[in-house]
Amino acid sequence: MSRFGAVDDQYDPHELEQRVFEYWDDVDAYEKTVEHRKDGESYFFVDGPPYTSGSAHMGTTWNKSLKDVYLRFLRMQGYDVTDRPGYDMHGLPIETKVEERLGFENKKDIEEFGEENFIQECKDYADEQLEGLQEDFKSFGVWMDWDDPYRTVSPEYMEAAWWGFSKAADRGLVEKGHRSISQCPRCETAIANNEVEYEDVEDPSVYVKFDLEDCGDDQGESPNGASGDEGPARSDGKIVIWTTTPWTIPANTFVAVDEDGDYVGVRAEKDGEEELLYVAEAKHEEVLKEGRYEEYEVVEELAGEELIGWSYEHPLADEVPDHVDAEGTLEVYAADYVDTHGDGTGLVHSAPGHGEEDFERGTELGFPIFCPVGGDGVYTAEAGKYEGQFVKDADEEITADLEDNGALLASGTVHHNYGHCWRCDTGILQIVTDQWFITITDVKDELLENIEDSEWYPSWARDNRFRDFVEEAPDWNVSRQRYWGIPLPVWTPENRDDDEDMIVVGTREELAERVDQDVDPDEVDLHKDTVDDLTITEDGTTYTRVPDVFDVWLDSSVASWGTLNYPDDDSRFDELWPADFILEAHDQTRGWFWSQLGMGTAAMGEIPYDKVLMHGHALDEDGRKMSKSVGNVVEPDEAIERHGSDAMRMFLLSANPQGDDMRFSWDEMGTMENHLRTLWNVFRFPLPYMRLDDFDPQETSLDDVDEDLELVDEWVLARLQSTKAEMTEHFEEFRQDRALEALLDFVVEDVSRFYVQAVRERMWEEEDSASKEAAYATIYRVLRETVALLAPYAPFISEEIYGTLTGDAEHPTVHMCDWPDVEAYWDDEELEEDVAILRAIEEAGANARQQAGRKLRWPVPRVVVAADDQRVVEAIERHTPLLEDRLNAREIELVSPEDRWGELNYSAEADMSKLGPAFGDRAGQVMNALNEARIDEPALEAIEDAVSDVLESDEEITEEMVSFVTETPEGVAGTAFGLNGDDRGVAYVDASLTDDIESEGYAREVIRRVQEMRKDLDLDVEERIALDLEIDDDRVATLVAEREDLLREEVRADEIGSLEVDDGARKEWEVEGVTMEIALEPLAAAEASD
RNA sequence: GGGCCAAUAGCUCAAUCAGGUUGAGCGCCACUCUGAUAAGGUGGAGGCUCUCGGUUCAAAUCCGAGUUGGCCCA
């Protein structure tokens, strides 16, 4: 780009961004920036891999924008940043998408299609989605290493997973186990608890009576011993359970009670028959009502422990002949998952072959684990009568059979939350199957210790949420009975599949060495279709591979070394690992934050990341989550279309990145675009003048013009230093939103609204002047550093401004710049405060003018400033001319704190922090009395008297309790000014008129209208004109005539007199009630027409 | 059902940790400026600080109970 070249009149984000994209491409901006930092200190960032299904939504866009802003910032600080993006490409979600595409319904379809073909389809689908995501991320300017992303399907990456798993196995943390897991019967695989989605559904609700057996017989055998020798004969009694899954009753093994709970025996009557029912005391009324009993009577009160050891008959004994009947089963036991006040009856049907808690308690009691259900949710032969039925379909028949057996107390339906498969939405089943686990519960203490080695932003995310999650976490089931995933690298002896003599392979090299077949370690693809056929023969035993693939969460859990291609490539691991920084949304506490901790600890004994920035989710404008079914999704593409990538990024980056959700807002995004427009206008304002004067920032630097700098120059430079300091501080605390706020405040408030206004006239000077050069050098420095500070947020506009300012003199791209340091030389806190005070006075003055009905264009004879403190006096004394100029006042009159302006009245304001302790509960009354008092002089006695009058009692008021405020007299308008909420004084504008003032006022009114007409005629700034002026009021005409020199100068009029207008304009105006006619004509035209 | 986080102007947020008469930006309305001009400036309106209790002379702030939303867990 050529320096100070022509730029667009208006900020057009789309054209600008397109130009910048092309420019980046032309000069290899990204590659150069990476190269530029290659000798810097290394910084290891690891990208949490998005899943390759669907396109980037607002949340992903926020996430990548955050990553981009921090990576750019770190680069500018000199770090050599690792920025390899990643993609999570395996797993059930993609399998189900592909199944949908191919019209498959179950695993059989896949087997028929062929494993190899299916895997290829999944790979193609994932690759396709990856391309889409890459394009999405590039479209809003994220700079990562797009040419070389890590892909969880590549052989190196899959090897990294194998290696991590084998390290965990080396530590004895891999085991095959019989566990209760969540099974999706459609996908025919175990799914992780965090893949279960809960939805409100209608399910059966059945109350079942289990007939008690005479407990005298097996009293001695009962492990917990209960005596049955008193009270009513229990052999005719029944215990009542409740369940929403009748299909689990065939597997009933025991009934659980709360040993400390209260239970009752109830004699109840229905249809002339009497029954003795046992339920929790708290639930008995509800249960009997459900059973529609006509009458009942509590005949017995028991503690839970008294029920222990009671035995009962299996309610489906005939239908399921193979039901559990081992020693000690079909009895009542204590279990801590029972709640006598919760849902149900206080007695819990327990089937260790299904429920997780039932399984644990059943195992503890040494019972056989009976699960007559296959992975497809169909009853096996063990289920007797129900064999071959899908379990949910059998609910009805089982309920009917219970009724026939006289075991059904009541049946109905209930609405409750029930788990569903996250991908195919099928209701999950709890069944016990064989699965492979990483037994992280064996290293729970180590996990909790390792958490301490990471630093989280915000810190509560680690100390509350994450720690709680880790404490509760069960062993990690890593096996899935599916196809599209990393195969488990486990080989077991033929015909045996336990973990006793397993071989766990860690690398492709090892695989090639140990397998019986010929395998090229550099060429082998590790997917299931390839490795399934490989066998290992050692010491005469042949080993075959376990057919499962890994839980997809295991894939990303190894990202901290997988992204380095470790162990295949060990060149950078020692230097870089563990990651310095990761950044994801809060749903990853249970996801990636957790899986990495688990895998890092199991494999390496360490947490694989140092710093974690945890952001929230992107919600819609009403604070609801964006969802396709609700139709409130805002697509990033639309945001870019409406406001441009820079504005969208700035909006996203203006949100707090620490834990809070972001509420989307079109309004706020529009505001960001406006701020960028302001910056654009500020930037393009000095360009024509600099170009005209051949200003060269390399020749004329700030140092060269140091002597000629004016107050505002020094001030804006001082503000720049504070802004840099503030931004750096915020960035280092991961609050880029606050850093952005500081920058925009500087650009909009200080540069645009104050500095540019203040230097305009200096830039218009036609002759060369030291002052003008100083202003050029100052604004150049301000803009040059501002775009560097803005570059991480808005990389496009920053690039264009930087290019126009620097031409070929600096880096090819703004993103190679160093993060601007604070220069102590320009730091000037005193000056910043002075100007802050002056601006407060100016603002108050403008307010007072409006009250007095005097426009800024009209001078006022004087402004009286009553200062509350010496600091304000100093500021005014140091900068009186500037203040006169900004207020358009002939004179500034300063009233120091110890004096007062005679024409004023006073009132007082109470300070509650002092009144409260002194007056206690009467403080409110005293405050009101104080605030309402009006007095002639600001004296304590006067206010004390006034308050005492109102309250009819003597009150002691001290100086610190009140501050006096002035009451404006007639004819003068006054407005208080202050800083940071503290009053610092009052500005009084004396708006009285004199001939001199009116003369200038009217002259300026004429000037403005001539300027407007010049603009309508589209005249060049330099163009000379002839002017005709007829004013209807003689006095005003005379007043204006007194300022003819000013008029000629300002509007570049060489001739004033009557003229015929040919190529010019003539117009009548109404000014303050006076009619005037103005005509003008460019001189060149006038001459030509002669 | 449990845990964590949030709730303040129409919108986005600050003030909450260390209690003392609630603030900013945007939007809206009015005025103003006019050589940055599809810009700029000034002012105004707009608040039972989610609800109910408690502690305190005094609560947006501390405590308790709820409501709503978000995430996580069951």
Side-chain angles (χ1 to χ4, degrees), chain A residues 9-11 193-194 196 198 339 342-343 356-357 416-417 419 458 460-461 463-469 472-473 585-591 594 614 616-617 619 621-625 651 654-656 658-672 674-675 677-678 680-688 737-738 741 744-745 748-749 752-754 756-757 760-761 763-764 842-851 853 855-857 909-924 927-928 931 975 980-981 1007-1009 1011-1012 1014-1015 1019-1022 1050:
Chain A
D9 279 357
Q10 272 121 41
Y11 167 57
N193 285 334
N194 56 26
V196 176
Y198 289 82
D339 175 8
D343 292 337
E356 198 173 327
E357 291 170 314
H416 69 152
N417 266 323
W460 57 256
D463 295 329
N464 300 337
R465 210 175 162 144
F466 193 51
R467 179 176 299 279
D468 289 352
F469 182 83
E472 304 276 307
H586 48 35
D587 55 336
Q588 298 301 332
T589 35
R590 70 161 189 183
W594 155 245
M614 186 192 87
H617 280 184
L619 309 179
E621 297 207 77
D622 299 323
R624 310 272 165 163
K625 83 171 153 187
F651 165 71
S654 69
N656 182 345
Q658 297 194 15
D660 285 354
D661 288 337
M662 174 200 63
R663 237 161 116 162
F664 186 82
S665 163
W666 285 115
D667 238 30
E668 295 289 313
M669 200 177 290
T671 301
M672 287 301 167
N674 283 345
H675 288 331
R677 186 164 291 120
T678 299
W680 186 259
N681 286 333
V682 168
F683 149 69
R684 70 186 206 88
F685 154 71
L687 291 182
D737 56 322
R738 293 191 159 156
E741 201 184 338
L744 291 177
D745 197 50
V748 175
E749 288 293 333
S752 172
R753 292 186 185 165
F754 195 84
V756 168
Q757 301 301 330
R760 286 156 76 151
E761 298 203 18
M763 299 229 177
W764 296 339
E842 183 190 338
E843 201 174 303
N847 183 319
R849 262 179 178 278
Q850 192 160 319
Q851 287 179 45
K855 298 172 190 171
L856 186 60
R857 198 185 297 136
E909 277 187 9
D911 181 347
M912 273 315 280
S913 67
K914 300 297 188 304
L915 281 183
F919 291 101
D921 55 3
R922 293 189 304 112
M927 176 188 79
N928 288 334
N931 290 349
T975 299
N980 307 320
I1007 289 167
R1008 186 186 90 61
R1009 283 161 180 82
Q1011 299 288 31
E1012 189 168 325
R1014 285 184 59 117
K1015 207 177 131 199
L1019 295 189
D1020 192 86
V1021 175
E1022 306 290 323
E1050 292 287 321

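A note on names: the letters A, B, ... follow the listed sequences, proteins ahead of strands, and every chain is numbered from 1.
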To the nearest angstrom, how far is [X] atom [atom1] from [N] atom [atom2]?
| X | N | atom1 | atom2 | result |
| --- | --- | --- | --- | --- |
| A:Asp745 | B:C13 | CG | P | 18 Å |
| A:His586 | B:G70 | NE2 | C1' | 6 Å |
| A:Met669 | B:C13 | CE | C1' | 16 Å |
| A:Arg760 | B:C33 | CZ | P | 14 Å |

Nearest to the side chain of [X], heavy atoms from C-beta on, is which of [options]?
| X | options | answer |
| --- | --- | --- |
| A:Leu619 | B:C71, B:G70, B:A38 | B:G70 |
| A:Asp667 | B:G10, B:C71, B:A36 | B:G10 |
| A:Val756 | B:G70, B:A36, B:A38 | B:A36 |
| A:Phe469 | B:C72, B:G70, B:G40 | B:C72 |
| A:Asp660 | B:A36, B:A6, B:C71 | B:A6 |
| A:Arg738 | B:G3, B:C4, B:A14 | B:A14 |

Listed range with range, the stems formed with RNA chain B by at least 3 consecutive Watson-Crick or G-U pairs (under 3.5 Å) are B:1-7 with B:67-73, B:10-13 with B:23-26, B:28-32 with B:40-44, B:50-54 with B:62-66

Inter-nucleotide [atom1] distance ([N], [M]), Å rounded:
| N | M | atom1 | result |
| --- | --- | --- | --- |
| B:U12 | B:G27 | P | 15 Å |
| B:C73 | B:A18 | P | 33 Å |
| B:G20 | B:A59 | P | 11 Å |
| B:A15 | B:C31 | C1' | 31 Å |
| B:C26 | B:C62 | C1' | 33 Å |
| B:G10 | B:A45 | C1' | 12 Å |
| B:A38 | B:C72 | P | 48 Å |

Between A:Phe469 and A:Trp594, what is the ring plane arrangement, given parallel below 30°, perpendicular above 60°, and tilted in between?
perpendicular

Once the angle between the rings of A:Phe664 and A:Phe651 is folded into 0 to 90°, is it parallel (under 30°), tilted (30 to 60°) or perpendicular (over 60°)?
perpendicular

With a 4.0 Å cut-off on heavy atoms, is [X] in touch with a base, just the backbone sugar-phosphate, or nothing at all?
| X | value |
| --- | --- |
| A:Trp460 | sugar-phosphate |
| A:Ser654 | nothing |
| A:Thr671 | sugar-phosphate |
| A:Glu472 | nothing |

Report yes if a donor N or O on one partner sits less than 3.5 Å from an acceptor N or O on the other, where the partners are the side chain of [X] and the base of [N]; otherwise report no.
| X | N | value |
| --- | --- | --- |
| A:Glu741 | B:G25 | no |
| A:Arg663 | B:C11 | no |
| A:Thr678 | B:A36 | no |

Would you mind reporting whether [Y] and [X] have side-chain heavy atoms less than 4.5 Å apart?
| X | Y | value |
| --- | --- | --- |
| A:His586 | A:His617 | yes |
| A:Met672 | A:Leu744 | yes |
| A:Trp460 | A:Gln658 | no |

A:Ala844 or A:Gly659, whichever maps to the more 5' nucleotide of RNA chain B:
A:Gly659

Taking everything shown except A:Glu741 itself, do over 12 heavy atoms lie less than 6.0 Å from its CD?
no

Phosphate oxygens OP1/OP2 of [N]: is one of them under 4.0 Å from a side-chain N or O of [X]?
| X | N | result |
| --- | --- | --- |
| A:Asn674 | B:C26 | no |
| A:Lys625 | B:G69 | no |
| A:Arg465 | B:C71 | no |

Non-hydrogen atoms of A:Phe466 and A:Thr589 that approach each other most closely:
CE1-O, 3.5 Å

